[in-house]
Each structure stands twice: as C-alpha cells, then as structure tokens.
Amino acid sequence: MNILIKNGRVIDPATKTDKISDLYIEAGKIKEIKDEINPSKQDKVIDAKGCYVMPGLIDLHVHLRDPGLTYKEDIVSGSKAAAKGGFTTILAMPNTKPVIDCADRVKYVHNKAKEMAPIHVLQIGAVTKGQAGEELAEIKEMAAAGIPAISEDGKSVMNAGLYKEAMKIAAECNIPVFAHCEDKSLIEAKGCVNSDEYTKELGLPGISNAVEDVIVARDILLAKEAGAKLHLCHCSTKDSVEMIRLAKEEGLDVTGEVCPHHFTLTSDEIDKDDSNYKMNPPLRTKEDKEALLEGLKNDIIDVISTDHAPHSRDEKNQSMEDAPFGIVGLETSVALTITELVEKGIITPMQMAEKMSYNPAQVIHSNKGTLKVGAPADVTIIDPEKEYVIDSMTFLSRGKNTPFNGWKVKGMVKATICDGKIAYMNQEAAKNFK
C-alpha cells in the first residue's frame, strides 16, 4: 500500500524538521517529503491538516503480562492498545509467569508478536533467573535472540556484585540496562503511597523518596564502573533528576524516563478509597513533580514512557494496601503529554517527538524514531487540538485501571502507521481514507 499524508506538520528530531509538508510512503519506507506531492490513482490519502506527523512513538516500558498472566493483558490486546495510543514499537518487561530469562521465552514473545501484533513488540530479558536475584539469567543467549535491553523491573537486584557482573555482560552485548530503583528494606510494612504529611493523615503506610534515590545513586556508580549504558525507569523524585543531571555532566551514558502519571498528579490528589492511584513508584509531592517538569523541559529527562501495567477489575477493586501496584497508560499518554506539557509550554512539539520517539530509539540503538527518506515507515499522526473525555471503557487494553477516567484532555491519535501499514485509524480519519 502506498500512502500519501497531506498537509501535516512534519516533526522529525533526527533532521530537525518542523514544517508543513506532504509525506509519501511506498513499499514500507519513507519515500519522499516535500511541500506538495500529487497522488496517483493507486495511493491512499490521509489529510493531516492541523495534525502533527511524527516518527512512530516508542514506549520503552510496557507490561504485556504474556506469558502466564494473560487475563490481565496479552500481546494482541496490548499491542492493539499501543497502536491506538500512537505507538509503533513497545518494549515488554520480563516479569511474566514464567519470567523471560532465557532465549526460548524471548522467541515465544517475538514470534507471537510477528504473527499477531499490528506493531513491533520487543521483549526485554530479565537480569536474574526467575528474577530471584541469585543467579544471572541467560543474558548473552537472550541478546542473540534479539532482546533490546535487560531489566529486573518490578524489583531491584539487591546483590550489587551480581548486578555489576550483569552490567558488564550487557555492555559486551551492546544493550542497555533498564533499572527499576527500589530498596525494599526502606519501605514501611505494606507501603503503598508516598510518605508525606497528607498520606499520613489518610493513615496509609508510606514509601519514602530514599527508597528510589539510594538505588539510583548505586546503579549510576555501578554502571560507571562496569562501563554499561544505564536507563533509569519511571523516575519520580527531585533527587533522581539531580543525579541524572550530574551523571550527564560527568559524561556517563545514563538516561532517564518519566511517566505521565508522575508529571501530572501529586500525592495530595490521592483518593484513599481508589487504588487506581496506587503505582510504584508512588505519586510524589508537588516539589518532586516540579523537578520532573524542569527535568523534561531542560532535557535532563530523555524519555516519556508509560509503565503500562494492566490488572483485572477484581484485583484493583481492593483497598489501597491490598491492591496491586500499577495503572494502564498506552491509550492516555499522548493526550496527557499534550495537555500537561505541550499546551502549558513546558516542552515543545519537537521535544515531545524527541522524548516519545527519537530518544527512545537512541536508548536501544534502533534505526527507528525518524522520518528520514529511506527509513522504515513508522509514522504517528496526532490532532493536538482534538478535545475529548477519557473513557476507560473504550480502551482496547484489557486493563481499565486508570486515575484519569473522566478527564477532559486535548490531543488524539488520528492514525498509526507501522512499516507502511495502517495499524490504527480513528473513525473520523477512516471515513475520509480513500
């Protein structure tokens, strides 16, 4: 299928392009970008007037729950939700059942995704076998099978010596280490929210900033010694931002991500009886949120990721202490980024494309994240002015667990194109697609 995208605002960080142009896709590649391209009879045309035309979005942090926990989500439902959210590539975390800690399990996900997913799904490998923190997983074998990174997401590897050895292997394999930074020994019993005055008034056990900050500092130092590329997942504290800034100043290969819920909400907005406000790391204070916003604005924080974490309704319909951590994010990330960041002048549309596409591609050494002529035709078309109310019942994800249900937002994905094929198109765009 040849696709002509007309009249869009083409935004490509790789070439610093930001202008109204037509973009032509042929044989799965970006064929041409210029002011005006006339369609042939064989072309499918998308009118992108008033829309951003960005490189396909890339989410470095997604939980697909496949294998073993597919009542929450699976590769098919998760990838369809991602396509609706504008993503053409997602990275799946390995804390499945069983854990993705060997090459055969990596191949299971990749093969299933190739057959059934409308977008690219890349499986991250675990650091240790069974994520038990005692013995290294088959890192080299998983790297040969195509993992883009290793991560123990959901927990930290507390054995520093073992973790440093994993980092050295990752460096040899030229893949990054994705760090979930959490020192569980510092968490109150059944800690479920940020530790601050408001949550104490609610009577909820807390998780202090030090739980994250101690491991951020440790992992930066370990990566420095091991010569590894380190990506810090779901940063939530003021000091995490500061430590990333210092690491970059020293020239270390360290990047960081922030999730929309952390740059949008604070702990004093938590409803004690609504576990959709329970995520890990927890919502922090206004001071922490302001530091995250400054980090995004000043490009200390490189990436916006979702930490999409679907759970069943019954699981989330428990008390704050007993419900599992996590919310879904694939279908709300674009709108929250535009509403909370772009509309408020915190980041530019170019920075949005950098943090949601180009920079994530750079973290995993991918040739995606660009609209250069000859590049794979992964393209996301977004109407930044489209207003709507988030309705979790319309999500394609099996998970409906979000604190943003009922929020009025701006920014809707019009179409997602992956390898030159339509992975998703909203109803309005589909009516005029000819």
Side-chain angles (χ1 to χ4, degrees), residues 61 153-156 180-216 232-244 256-297 300-301 304-309 311 315-329 332-333 336-337 339-341 344 346 390 392 401-407 409:
H61 195 144
D153 193 66
K155 59 180 73 176
S156 291
H180 172 109
C181 296
E182 179 185 23
D183 188 334
K184 283 194 177 292
S185 69
L186 297 175
I187 301 175
E188 294 179 37
K190 299 192 81 171
C192 58
V193 292
N194 188 57
S195 180
D196 58 44
E197 292 306 312
Y198 175 73
T199 56
K200 287 177 183 176
E201 289 177 10
L202 294 179
L204 295 172
I207 301 171
S208 71
N209 284 29
V211 170
E212 177 175 319
D213 297 339
V214 167
I215 302 298
V216 169
L232 296 164
C233 295
H234 44 47
C235 297
S236 70
T237 71
K238 178 180 178 179
D239 285 334
S240 286
V241 178
E242 178 63 11
M243 285 186 275
I244 293 170
E257 72 185 28
V258 169
C259 303
H261 44 275
H262 288 127
F263 67 62
T264 301
L265 296 169
T266 54
S267 61
D268 58 4
E269 296 174 86
I270 290 173
D271 181 340
K272 180 182 179 180
D273 297 322
D274 187 351
S275 65
N276 286 315
Y277 288 88
K278 181 180 180 181
M279 63 280 294
N280 191 18
L283 299 175
R284 302 290 188 182
T285 65
K286 290 179 180 177
E287 183 181 17
D288 290 306
K289 175 184 165 181
E290 287 304 313
L292 297 178
L293 294 175
E294 283 297 309
L296 287 162
K297 181 177 183 177
I300 296 166
I301 299 296
I304 294 171
S305 296
T306 66
D307 193 9
H308 176 81
H311 295 289
E315 287 172 324
K316 271 298 194 179
N317 192 26
Q318 300 183 77
S319 69
M320 190 71 86
E321 291 97 325
D322 295 329
F325 289 102
I327 64 170
V328 293
T332 56
S333 182
L336 291 172
T337 299
T339 303
E340 297 296 322
L341 300 181
K344 295 180 179 180
I346 293 165
I390 293 172
S392 62
N401 46 306
T402 175
F404 300 112
N405 192 46
W407 276 50
V409 291

**Student:** Measure the shortest side-chain to side-chain distance between Trp407 and Thr332 over non-hydrogen atoms and say whether it is less than 4.5 angstrom.
**Tutor:**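 The answer is no; the side chains never approach within 4.5 Å.
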**Student:** Hey, are Glu321 and Lys190 close enough for a salt bridge, meaning a charged N less than 4.0 Å from a carboxylate O?
**Tutor:**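 So Glu321 does not pair with Lys190 through a salt bridge.
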**Student:** Can you name the nearest heavy-atom pair linking Ala323 to Lys316, along with the distance?
**Tutor:**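 Heavy atoms of Ala323 and Lys316 come nearest at CB-O, 4.1 Å.
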**Student:** Looking only at heavy atoms, which two atoms of Val211 and Ile215 are closest? And how far apart?
**Tutor:**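 Looking at all heavy atoms of both residues, the closest pair is O-CG1, 3.9 Å.
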**Student:** In Å and rounded to the nearest 0.5 Å, what is the CD1 to CG distance from Ile327 to Asn280?
**Tutor:**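 Here the rounded value is 12.0 Å.
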**Student:** Is Arg284 salt-bridged to Glu212, going by a charged N under 4.0 Å from an acidic O?
**Tutor:**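 Yes, Arg284 and Glu212 are salt-bridged.
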**Student:** Please confirm whether the backbone N or O of Ser236 pairs with a side-chain atom of Ser240, one donor and one acceptor, at under 3.5 Å?
**Tutor:**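 Checking the backbone N and O of Ser236 against the side chain of Ser240, no donor-acceptor pair under 3.5 Å is found.
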**Student:** Is a side-chain donor or acceptor of Thr337 paired with a backbone partner of Ser333 at a separation under 3.5 angstrom?
**Tutor:**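 Yes, Thr337 side chain to Ser333 backbone: donor-acceptor pair under 3.5 Å.
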**Student:** Taking 4.0 angstrom as the limit, do Lys344 and Glu340 come out as a salt bridge?
**Tutor:**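 Salt bridge present between Lys344 and Glu340.
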**Student:** With heavy-atom distances below 4.5 Å as the criterion, would you say the side chains of Ile270 and Met320 are in contact?
**Tutor:**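 Touching, per the 4.5 Å side-chain cut-off.
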**Student:** Kindly compute the distance separating CZ (Phe263) from CG (Leu341), expressed to the nearest 0.5 Å.
**Tutor:**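 Answer for the CZ-CG pair, Phe263 versus Leu341, is 4.0 Å.
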**Student:** Please tell me if the side chains of Gln318 and Pro324 come closer than 4.5 Å, counting only heavy atoms from C-beta onward.
**Tutor:**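 Yes, close enough: below the 4.5 Å cut-off.
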**Student:** Rounded to the nearest 0.5 Å, what's the gap from CD1 on Ile244 to CD1 on Ile301? Could you check?
**Tutor:**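 These two atoms lie 4.0 Å from each other.
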**Student:** With a 4.5 Å cut-off on side-chain heavy atoms, are Asp274 and Pro403 touching?
**Tutor:**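 Of all side-chain heavy-atom pairs linking Asp274 with Pro403, none is under 4.5 Å.
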**Student:** Evaluate the criterion side-chain contact (heavy atoms from CB on, under 4.5 Å) for residue pair Cys233 and Asp307; output intermediate values, then yes/no.
**Tutor:** CA-CA 9 Å; Cys233 295; Asp307 193 9; over 6 Å; no
**Student:** Could you give the distance from CG (Leu265) to NZ (Lys289), rounded to the nearest 0.5 Å?
**Tutor:**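 Result: 7.0 Å between the selected atoms.
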**Student:** Strictly distance-based, threshold 3.5 Å: is any side-chain N or O of Ser156 a donor or acceptor partner for the main-chain N or O of His180?
**Tutor:**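 Looks like yes, one N/O pair under 3.5 Å.
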**Student:** Using only atom types and a distance under 3.5 Å, with no angle test, would you say the side chain of Tyr277 pairs donor to acceptor with the backbone of Leu283?
**Tutor:**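 Here the side-chain-to-backbone pair does not exist.
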**Student:** Give a yes-or-no answer on whether the side chains of Asp322 and Ser319 include a donor-acceptor pair shorter than 3.5 Å.
**Tutor:**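 A donor-acceptor contact under 3.5 Å links the two side chains.
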**Student:** Locate the shortest heavy-atom distance separating Ser392 from Thr402; write the atom from each residue and the value.
**Tutor:**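 Ser392 and Thr402 have their closest heavy atoms at CB-CG2, 3.9 Å.
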**Student:** For His61, what residues pass the ring-ring contact (aromatic ring centres under 6.0 Å, His included) criterion, not counting sequence neighbours?
**Tutor:**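 His63, His234.
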**Student:** Evaluate side-chain contact (heavy atoms from CB on, under 4.5 Å) for Val216 paired with Asp239, printing each intermediate quantity in order.
**Tutor:** CA-CA 9 Å; Val216 169; Asp239 285 334; over 6 Å; no
**Student:** Enter the distance from Leu202:CG to Asp271:CG here, rounded to the nearest 0.5 Å.
**Tutor:**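 Those atoms lie 8.5 Å apart.
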**Student:** Consider salt bridge (Lys or Arg N to Asp or Glu O under 4.0 Å). Of Glu287, Glu294, Glu290, which one does Lys238 pass it with?
**Tutor:**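 So, applying the salt bridge (Lys or Arg N to Asp or Glu O under 4.0 Å) to Lys238 and each of Glu287, Glu294, Glu290, only Glu287 qualifies.
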**Student:** Kindly say whether Ala309 contributes a backbone atom to a donor-acceptor pair with the side chain of Asn401 at under 3.5 angstrom?
**Tutor:**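 Indeed, once roles are kept as given, a pair shorter than 3.5 Å links the two residues.
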**Student:** What are the two closest heavy atoms between Asp268 and Tyr198, and how far apart are they?
**Tutor:**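 Answer, listing the atom of Asp268 first, then Tyr198: CA-CD2, 3.4 Å.
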**Student:** If you look at every heavy atom in Val193 and Pro282, which pair is closest and at what distance?
**Tutor:**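 Distance-wise, the nearest heavy atoms are C-CB, 3.7 Å.
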**Student:** Quick check: closest heavy atoms across Gly329 and Thr306, and the distance to 0.1 Å?
**Tutor:**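 Where Gly329 meets Thr306 most closely, the heavy atoms are O-CG2, 3.6 Å.
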**Student:** Run through Asp213, Asn194, Thr285, Asn209 and flag the one making a side chain to side chain donor-acceptor pair (under 3.5 Å) with Thr237.
**Tutor:**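 Looking at Asp213, Asn194, Thr285, Asn209, the match for Thr237 under the side chain to side chain donor-acceptor pair (under 3.5 Å) is Asp213.
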**Student:** Donor-acceptor check, side chain of Lys297 to backbone of Ile346, threshold 3.5 angstrom: yes or no?
**Tutor:**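 Checked: no pair found.
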**Student:** Return the CG to SG distance between Leu336 and Cys259, rounded to the nearest 0.5 Å.
**Tutor:**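 It is 11.5 Å, given to the nearest 0.5 Å.
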**Student:** With side chains defined as the heavy atoms from C-beta onward, is the minimum distance between Pro260 and Ile304 less than 4.5 Å?
**Tutor:**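 Yes, at least one pair of side-chain atoms sits under 4.5 Å.
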**Student:** Between Val409 and Ile390, is there a side-chain heavy-atom distance shorter than 4.5 Å?
**Tutor:**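 Answer yes - side chains close enough.
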